[in-house]
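A quick write-up on the structure given underneath.
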Amino acid sequence: MRWWFAALALLLPMILSGCGSGQDAAVRDRAAAFQDAVATQDWAGACALLAPETRTELEAAAKLPCAEAIAEEKLPAPGRPDRVDVFGTMAEVRYQGETLFLTRFADEWLLHAAGCTPQRPKPYDCALHGG
Amino acid sequence: MRRFFRENSLSLAFGVLFLGSLAGQAIAGWHQLNDELFADGLDRITLGSYLTSSSFAVDVTENWQSEYLQFLLYVMLTVWLVQRGSPESKPLKDAGQESDEKQKVGAYARPDSPKLARAGGLRTALYSRSLGFTMGAIFVLSWLVQSVAGWAAYNETRMQQLRDPIAWGSYLLHSDFWARTLQNWQSEFLAVGSMAVLSIYLRQRGSPESKPVGSSHEATGVEG
């Protein structure tokens, strides 16, 4: 009986949180695409990767079109991700000095928040975010 | 066929009620979650995605574990603990595991007794406790799944709030886990305790969960 409990305890987190390698890879790829767009100043490309609410709030706060507003945010250009966590429809990618939050829209992952710095125990302070 | 339905009507009725309630919970929970996601500017999910989500799993299993704990405790505690005047209790003098003769095991088994009651040794000892073991196993598994699904659902909420996820071990000590657990336990214990006490004085004619209407309030372990 003991092996059965151990197997369940190991498998359930992966099954229930949807944190299989497929989701991790999709999140990692989407975060990398956003970071590449920021690094190359492809602002239209970066805007295309934002979740609708995040894009709306960014434009409303800056009173500028998305591509101009995101250019003014001076987002950092971090290196390789330290850690990827995926739970259901939300994901977090942590880098040195930067954290991204992503959310799943239909079949793709989009940026929920970027330019985030920790304020523990408070939520991250993010340069742009939705919700 | 009609005879089958009549002779199994109690379990069939509860089976239908369970499936109907679970389907209703799935639909209502799906709309509730989508309402919250919409309010947070996030994408709404399909019913299929909701049914495999940690949100649905934790909401289902937090109730399952508490129900099976309730019956586990009721099955186990009523071996030794009694309540004067309650049909839910054994007669006061019978507290304990009782004799082999009274339990019809081993040499005292009847022709229609289950084989495992007659076998003796470990097999009979295990069979004598099989209801408690099964209820206990379902309770433990449900609680384990609640802890994992609750952890995933809580971390999803934390990320929506732009907070780091926490480890499963930390979640086991977290207020979210214990609030979900204890809010269910308290209601189960209240329901069982009040049933044991109210059935001393109140009656439900024809129900085996009640004493016969004319039974004395002092009569213990008498079912109608």
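So you know, we letter chains A, B, ... as the sequences are listed, proteins then strands, and number each from 1.
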Please determine whether the number of non-hydrogen atoms from other residues, nucleotides or ligands lying under 6.0 Å from atom [atom1] of [X] exceeds 12.
X: B/F71; atom1: CZ; result: no
X: A/Q96; atom1: CD; result: no
X: B/Y68; atom1: OH; result: no
X: B/D112; atom1: CG; result: yes
X: B/K104; atom1: NZ; result: no
X: B/W64; atom1: CH2; result: no
X: B/Y127; atom1: OH; result: no

(message) Ignoring hydrogens, what is the shortest heavy-atom contact between A/A113 and B/L162? Give both atom names and the distance.
(response)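 That closest heavy-atom pairing would be CB-CD2, 3.6 Å.
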(message) For B/M159 versus A/E92, what's the shortest heavy-atom pair and its separation?
(response)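 Answer, listing the atom of B/M159 first, then A/E92: SD-N, 3.8 Å.
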(request) Can you measure from CD (B/E156) to CG (A/D85) and round to the nearest 0.5 angstrom? (result)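 The CG atom of A/D85 is 13.0 Å from CD of B/E156, to the nearest 0.5 Å.
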(message) With a strict 4.5 Å heavy-atom criterion, list every residue of residues 13-40 of chain B that contacts chain A, or say none.
(response)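 Residues B/D40 are the ones that qualify, each having a heavy atom under 4.5 Å from chain A.
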(request) Evaluate the side-chain proximity of A/F87 to B/T157: yes if any heavy-atom separation is below 4.5 Å, no if none is. (result)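 Sidechains of A/F87 and B/T157: no contact.
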With only heavy atoms counted, which part of [X] is less than 4.5 Å from chain B, the side chain, the backbone, both or neither?
X: A/C116; answer: neither
X: A/T89; answer: both
X: A/F101; answer: side chain

(message) My understanding is that only residues two or more places apart in sequence, or in another chain, count here; which of them pass salt bridge (Lys or Arg N to Asp or Glu O under 4.0 Å) with A/E59?
(response)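 Partners of A/E59 under the salt bridge (Lys or Arg N to Asp or Glu O under 4.0 Å) test: A/R55.
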(request) Heavy-atom pairs under 4.5 Å with chain B are the metric here; pick the option from A/E53, A/R94, A/R120 that has the most. (result)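 The answer is A/R94.
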(message) The test is side chain to side chain contact (heavy atoms under 4.5 Å, CB included); show your working for B/L42 and A/M90 and say whether it passes.
(response) CA-CA 10 Å; B/L42 302 171; A/M90 295 300 299; 4.3 Å; yes
(request) Heavy-atom distances under 4.5 Å only: say whether B/Q161 touches chain A with side chain, backbone, both or neither. (result)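 Just the backbone, heavy atoms under 4.5 Å.
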